[in-house]
Every structure is written in structure tokens, then in C-alpha cells.
Amino acid sequence: MIENRYHPAEVEPRIYKAWEDAGAFRAGRPERAKAQPYCIVIPPPNVTGSLHMGHALNNTLQDILCRFERMRGKDVLWQPGTDHAGIATQAVVERQLMERQQPSSRAMGREAFIKRVWEWKAESGDTIIRQLKRLGASCDWSRERFTMDEGLSRAVVKVFVALYRAGLIYKDKRLVNWDPSLKTAISDLEVHQVETRGQLWHIKYPIEGSGGFVVVATTRPETMLGDVAVAVHPENEKLRHLIGKTAVLPLVGRRMPIIADTYADPEKGTGAVKITPAHDFNDFEVGRRHNLRLVNIFDDEAALDLKDNADFLEGVPPSAQLDRTLALHGFDRLAARKKIVERLEAAGLIDKIEQTLHVVPQGDRSGAVLEPFLTDQWYVEAKTMARPAIEAVRERKTVFVPPQWEATFFNWMENIQPWCISRQIWWGHQIPAWYGPDGKIFVAETEDDVVAEALAHYTDIEEISPDEGDDIASDPERRARFARDYLHRDDDVLDTWFSSALWPFSTLGWPDHTPELKRYYPTSALVTGFDIIFFWVARMMMMGLHFMQQERPGAALEKVVPFHTVYIHALVRDAAGAKMSKSKGNVIDPLEMIDEYGADALRFTLAAMAAQGRDIKLSAQRVEGYRNFATKLWNAARFAEINGCAHDPDFSAHEAKETLNRWIIHETAKAGREVTAAIEAYKFNEAAGAIYRFVWNVYCDWYLELVKPVLTGPDGAAKKETRAAAAWALDEILRLLHPFMPFVTEELWRVSAERGPQRRHLLALDTWPSHDGLDDEAAEAEIGWVVDLITAIRSVRVEMNIPAATPLPLVLAGASPQTVERTRRWSEFVQRLARLSDISFADAVPKGALQLVVRGDVAALPLAGIIDLAAERARLTKELAKCDADIARVEQKLNNADFVKRAPEDVVEGEREKRDEALARKQKIIEALQRLKESE
RNA sequence: GGGCGGUUAGCUCAGUGGGAGAGCACUUCCUUGACAUGGAAGGGGUCACAGGUUCAAAUCCUGUACCGCCCA
């Protein structure tokens, strides 16, 4: 028995358990061994994470696709898992240590700290997984993976070594984006350029032997300590006479050449720029062109590092001012800036200070101001690897939906820079590189391989005697000690996105040749937000194309893309369009929405709002609205049950006889086609809209209302068929709605079968409707007439202020035989829904009656003495005006010879029909007005 | 500076060449035996602006304005 309220909080956990108990989400179910595979890999949420609205949208859309394809009979694998999220997770655990006043990571040491992170992961790492289940995600949880699993780590090492050997991973000393708060390098993508109000200091640098100055402008005066030159544009009329002279760096005394370089834009600042190759990306390039020294003046926390800094001191004569500058050793960059500006001012070397807007690089994790910093890091040669990825998208082997994202993809890929993959943190995949005492690098998949290579090298150059080498090689313990003590493993770990880039194949078991890899790769679709196209999608394309190949009969191995379709969805914003953020306090928590309105309501809201290419402005009110939709459906099912509508095995939609039933079958088929086509096109909003309208505005508003007389009437063939048809249509609704609202539909699927024959499957495993051959235009025309008649009567009632409770008689005047026949068939239905006392026929319209024109018939409500004749005349006149406007518009078209000549035949024909209809209607209205006049 | 997107009802937004739509909000009415988390009816729009293409433009093209995002 269906309760009179739907309680999502009670139902959802029970339903989810039923799915899991039945293994409904398991890939490779035996009965689907021959089915077409369908695979989506989840964008792995961070283990630190908890479900936010972006996850809710992302996973709702994936779940819709997976449930849809599963019902279409495919063998679906939705591959779940989590990401170790190096920097983010390390930060969480470090913060926890601090809060609990426990030893810091540095204090406890690398091994103990990593152990600690694993403990934390074991304890709280599955929070997000539990939350995804609450959303209803139909992942195959038996295959859950973690980017630092043994298997996935093996894939990481294998890829690193292979790319290293191919020359596509290399180590290089160059400027990187350095985060001084996290004390690690980060990649270009993790840098945000933030426009900031600041000051532009114009500093006078004395020119040697002239008593004059060259003025340079900078927003970062403290970096002057690392200056090695001043540059002037070679065609700068005003300043080019300085080229070749020598400037002397204030506060330090370093002699610096004034060089010619086009980088010094004559229009900007003073036209002369200070060159600090160790602390600015542009200056680094200038320095390279002019073979300048690099003077690094910061330590890894961006504090001044001057004492015993040979680069800083080189060529600088001792002086009192130098000593005062050296006293700034250890000052943070901002404190140093203040001191340096003070001293320059005191020395009269500040020409002026301007207010300015400039961009400051910030780390996306820490928010810290980043420093260009000269370090050794590992890089992926992305340019080479990008080429096949670009080609694959050009050749449409991978398709972006919506397609405009391809431009973004190309734009970035064609200008791609080397990818810095090493991070100076501990939580992550430690780089499989070892260094010998001579600096020689050994990279291999296992420590034993490294030891073997190293021994070969060091015996070869006679650092180690062959005998000793043999001894080490033959003893596991000595090998380990050799690797640890003689060699030294790189301390750094890989960028989190390195392992994520392998996700589509590493989760399927690569590098092993697993059956899953063979069956589910390449995956079908990838669903993600545009913010990680570069971070993730592009890199999966690069890695996938490099490592994955497919055998094709009679052909060479072919490189294969990791996914056929990339669906890019929008960002979820708050109701005002602002990005949700904790600091703004405008976050709508998906779990709160689920608690309050149910997971189905949240899911449906997100799907209904997921129009391609537009952000979602979410509000609780919308969720509430779709909760009401779930309630509506629930009550429709309850109504069906109360009226004995149950699945009837004898019923066949193709053989229904009753017009009303043929009509709802026709409408169901139409809705089914719409929903199917929309999901196939990734138009989730259209699919949601189609099923919503069908359930509410067709099935509930009209069908259930119309069949009430049948269901409450005498038993018989019509009643039997109607009960079966109502149940049939409801079942089809449950199927079509299931991908969007899995919980309430599954529950109704179960409950509604309590009185009929048992269901063969859970709804999640049942079949997607196909409705071929169920269209019925005749039924549509007939019920359309009934609907129009009822609507017209209701309209006029309200318009003429006739109380709803007053039953009215209806007279059909001069009705056609078809109308008489239809009226006879539907009088009971029309009387009920239009609240009529009775329906009769007459040759002429009675005097003083309200007159309605419905599809060419005149329906009259005789209310002589009751109706306000003036109001009725006004109403009819207004209708006439509307009719005239229609006619005018259509005739304007039809009188245009070019239109008749050039527009498609069916369009012209359609306009003619419209005109004829409108003219006939106009005639009836004129007649009605005439009669009204006569009755006055 | 380069690129992308947006501008349609009071609000949030659908709508890819042929009669301007939805949800919410608003107004009026209704305890009609599934549902008031509901039902019925209704008001409300120069589709940002200016040109162009076309028999026909919210829709295609060009430009302008404003808003947003990405990249440098």
C-alpha cells in the first residue's frame, strides 16, 4: 500500500542497499556478457573532499548516462575512485597536527608523516564515497580505486620511466613558479594572475663616471638586490645613448651593463628596465639572450638570502652600504621591500612613486604570492605529447560537447609549455630517480634495476671494484643499503595530476593486460567541468594516446584516445550568480538539500538546469519545486493504486481499444522519444523538461482526470483496459524518469507491484522503453477536441465570473455530425471537468447565451438574464480583434508573391490552413455578436 | 592585448530560419475523494542596440554597448 506521503530520508538508504545487495551496478554481470560495453571513469574526487554542488552536478549527469545506458541493456562500468590530492591532503593533515599540537611533519620525518596520512585516509577518506552514494551514484564500488593504490602506483612508475627513456621527461634548472608558503614548485596551471592595486617605484640608478642616473620603474624594489643589468630599447631615442655604459646598483655597489633589448618597451614606465634574471620570467629570457649572471637573493621561503651568497657578493667591493644591506639577511620579502625603499628614499634615489594596477601571481591552493624561483625540477615535454592529442580532436576521434570547448582546448594545447611535475612535498608518488655521488641519474621501475644500472656504471668507471659490485648485487640487503646510502633517491613526489592523467587506463588494470582494459577501453564518455580541461582532460589525452594502442585486424597498432566524448558542464553558482565559496558564505550544501528535499529533487534540479554552455544559478527554491514534482508523481501512483490500476500481463499497448488509452499511449511514446533523443544529445535539461511536462501536464492533469469516470464507473472491458493502461503508462514514466530520480521511481516500481505480478528486475536493471508503432493521430485529434472544449468552458466561466460551484447547461448549436458523435461519446467526461449540468443540441443558439467557438463548432451556455450582455460583447469583440490580427498577419505573408514562390510548399500550405481556420472562426464570432445584438 | 560566452516576462532561464515559451513570483477563484508540496483561469515581453542577408530573423552575418569567464 502506498503511504500518503513520500519520505525520501526513509526510502533512499533502503533503496540504495537493495541496489547494492543485488549487485545492480556491477560491471560484467553474466547476463550482459554479450552486451555492448559502456564505460565512464569518474573524475576522482579528492580524498580530503566532501561533496559540494559541483560534485553533485558532475555525478548526477554521469549517473543519468550510466543508468540510461544500463537500462538500454549495455554492460555499464562506472569506474569510481578517489585522488590522493598531494598538496591538498598534505595540508589537511599538517593542519590537523598543528591543531592537536602534535609534532609537525618536519619534526616527525618523512616516513612517519606518510604513515600518518595513510591513517587519516583510512579514517575519513571514504566520506566522499558515502556522500556519492547518498546522491544515488550507480558506480561499481567493487572496483573502487585510489591514485596511490599499489596497482596505480605501478602504472605511474612505468609511465615515468618510459617517458624518461623516450626523452619526454627530463630534469632542468630554470625558473619555476614557487610557492614560498608550501615550499614547493607548482605548474603554470596552478598559478592565478590576480589583478592587484600596487605601487610603481621609479628608482634612480647612478651611471658610472657621469654623475647622471638611469631611472627604472618596478613594482618589486626588493628584487633589485638581484639585478645584473639595465635594459633599454635599441630604438629608444631618449635613452639609447646610455647603451654600453655601466650602472651601479644602489645599496649594493654591483656594476651592471646597460644593454640593448627590445623587451624594454619605450612606452612603459621610464623606458629603462632593471633586469633580474633569477626573479622574473621575462628577465630570465633577457638574461639568457645576453648571457647574464643569475643572482638568486631569496631562500625557499622568499626571505632574503644574502650572507655567504657567492652569487650576490661576486664582484661587489666591500662597503658600508653593502654591510647595511647584508644586515637585511633573513628579512621576508615584504619587510625587505619596506627597508629598501626607506634607504633609497634617504639616499634621494626614489624619483617618484605611482599608484598602479598590476597582476600578481598567486598559488591556487595556498593563495600565497608566488616567486619565480630558480630550481632543479622534472618536466614533461608537453609540446611533443600534445601533438597527437590535437590531431585526435581535429579528426574527431574525441568530440567535445558542447563543441565550443574545442577552441579552448586547441588554444592551450598549441601553446603548451613544459609541464613541471616535481613537487617538494611528501604525500604522493615519489619520483623513481636515484642520484649517484657523481650526480649521475638512474631511473628505473624497481630499486633492484636501479642498483644494477648503478653498479654497472660505477664499476665501469672504476669507482667500485667488480668484486664489490658482485657482492652488492648478490645480496638483497646490501642492494637496499647501496640504494639508500651510496645512491640517493630523489626526495620529490609527482604532481597529483600526473597520476590522474593515467586514470582511464590505470583504473582498468594497466600495465597488466586485463580483460577490463580490453573490454572497457577506450571509455565512452567523460563528464567534467571546464575548469579542469587543461589540468586533466588534456593530460589524459596525451598520456592515453602515448601509451594505449589497439589492435586492429590486418592493420598496424593504432593509438587510441581515452574517451570518445568529453561532455563539459557548467559551474554551479548561487542564486545571484556568484561563485559559491565558504568565505562568501553562499554555499548551498548538497547534503542539506538531500536531507531536506531528497536526493531525487536535487538531482532533477541539476539536470533540469544543465543547459549546455550556461552556468547554473541554483537556489533552494528550485529544489523545492522539483521535490513537489516527486510528490506529484507519488500521488499519481497512489491514485492508480487506489483505483486498482495494476500491471496486467494481458495488456498490450498495441492493442488498446479505448480512445483515452490509445491517446495516453500515443503521448507516452512521444515523450519517450523526446527523453531518449535528449539524453543521447547530452541535453539533460531538455530530457528533464520532456518527462516533467509529460508526467504533470499530460498524465496527471488530463489523463488521470479524464479516466476518473471510467475508473469509478461500472466494471467491464473498458474499465479493465483503462486500469491496465494507466498502470502501463505509469510504468513507462517510472522507466523514463529513473535516470533522473532513481530513488522514488525504484520505490514506486516496488510498491506498485505489491498487488500485481512480481517484477522481474529492479527498475535499475529493467529495460528502457521503446515505443515503436504506438502513434495514434486519430486519438490525439479526438482528445484534443475534448481538451479544447473543456478549456474553453473553464476559461469563459472565470472570465464571466460564474462561480465554480454553479453547474451550467451546454447547448451545441448547429453541430456537425462529427461533433454530435464526439459529444455523445465524451459528454460524461466534459460534464465532469467543465462542471456542466447537462449537454444538449439545438439548431440555433438560444437567446442571451454565452457563445464559444471551439474548433469550428459553436458551444453556447444559455444564461439569459444572468450574464452581463455588455461584458459578453466586450469579450467577443476582443476575440474578434485577436482573430483579425491573426488573419492580417497570415494574409500579409500569403499576399507576398515571393513567399508563395520561394517558401517550402508545406509552409505555404500551413499558412493557407491557418488563414482558412481563422476566417471560419471569424465568421462564427461575427454571427455570435449578431445574435447577441438580437437578444438585447 | 587575445579568445570564448551572455544580454528573451518582475526574477532565474529554455528556445539553431516559418504562429514568443517554462519554472518561480503576481492576480482572481476553488477544502471538486490522488496530490493545497494541490487544482482552474489570467495579467505580463520593441527577444540589448544599429545595420545586413533572406520570401521570412529571438535564431544567420557585421558592428556597437554592457556583463561574465579563460588565457597572456
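A note on names: the letters A, B, ... follow the listed sequences, proteins ahead of strands, and every chain is numbered from 1. Being a predicted model, the structure only gives us computed values, none of them experimental.
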Review item, nucleotides 26-31 of chain B N/O atoms under 3.5 Å of protein N/O:
none

Check nucleotides 57-62 of chain B against the protein and report each pair of N or O atoms closer than 3.5 Å, with its distance, or say if there are none.
none

Output one line per pair: protein atom, nucleotide atom from nucleotides 4-8 of chain B, and distance, for all N/O pairs under 3.5 Å.
residue, atom, partner, partner atom, Å
B:rG6, O3', A:R614, NH1, 2.8
B:rU7, OP1, A:R614, NH1, 3.3

Please write out each protein N/O paired with an N/O of nucleotides 19-21 of chain B under 3.5 Å, distance rounded to 0.1 Å.
residue, atom, partner, partner atom, Å
B:rG19, O2', A:R889, NH2, 3.2

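Residues A:Y692 and A:I790 both approach RNA chain B. Their nearest nucleotides, taken by heavy-atom distance, put A:Y692 toward the 5′ side.
With sequence neighbours excluded, no residue forms a salt bridge (charged side-chain N to carboxylate O under 4.0 Å, His left out) with A:R693.
A donor and an acceptor atom never sit less than 3.5 Å apart when one is taken from the side chain of A:E686 and the other from the base of B:rA22. With hydrogens and angles ignored, a donor-acceptor pair under 3.5 angstrom links the side chain of A:R5 to the base of B:rU37.
Looking at A:E917 and A:K914, no side-chain N of the basic residue comes within less than 4.0 Å of a carboxylate O on the acidic one, giving no salt bridge.
With a cut-off of 3.5 Å on both pairing distances, the Watson-Crick and G-U wobble pairs of RNA chain B assemble into stems of 3 or more at B:1-7 with B:65-71, B:10-13 with B:21-24, B:26-30 with B:38-42, B:48-52 with B:60-64.
Side chain of A:R797 to main chain of A:T806: a donor-acceptor pair is present (N/O by atom type, distance under 3.5 Å, no hydrogens or angles).
The phosphate of B:rG42 (OP1 or OP2) has a side-chain N or O of A:S795 nearer than 4.0 angstrom.
Taking each heavy atom of A:P709 and A:R832 in turn, the nearest pair found is CG-CD, 3.7 Å.
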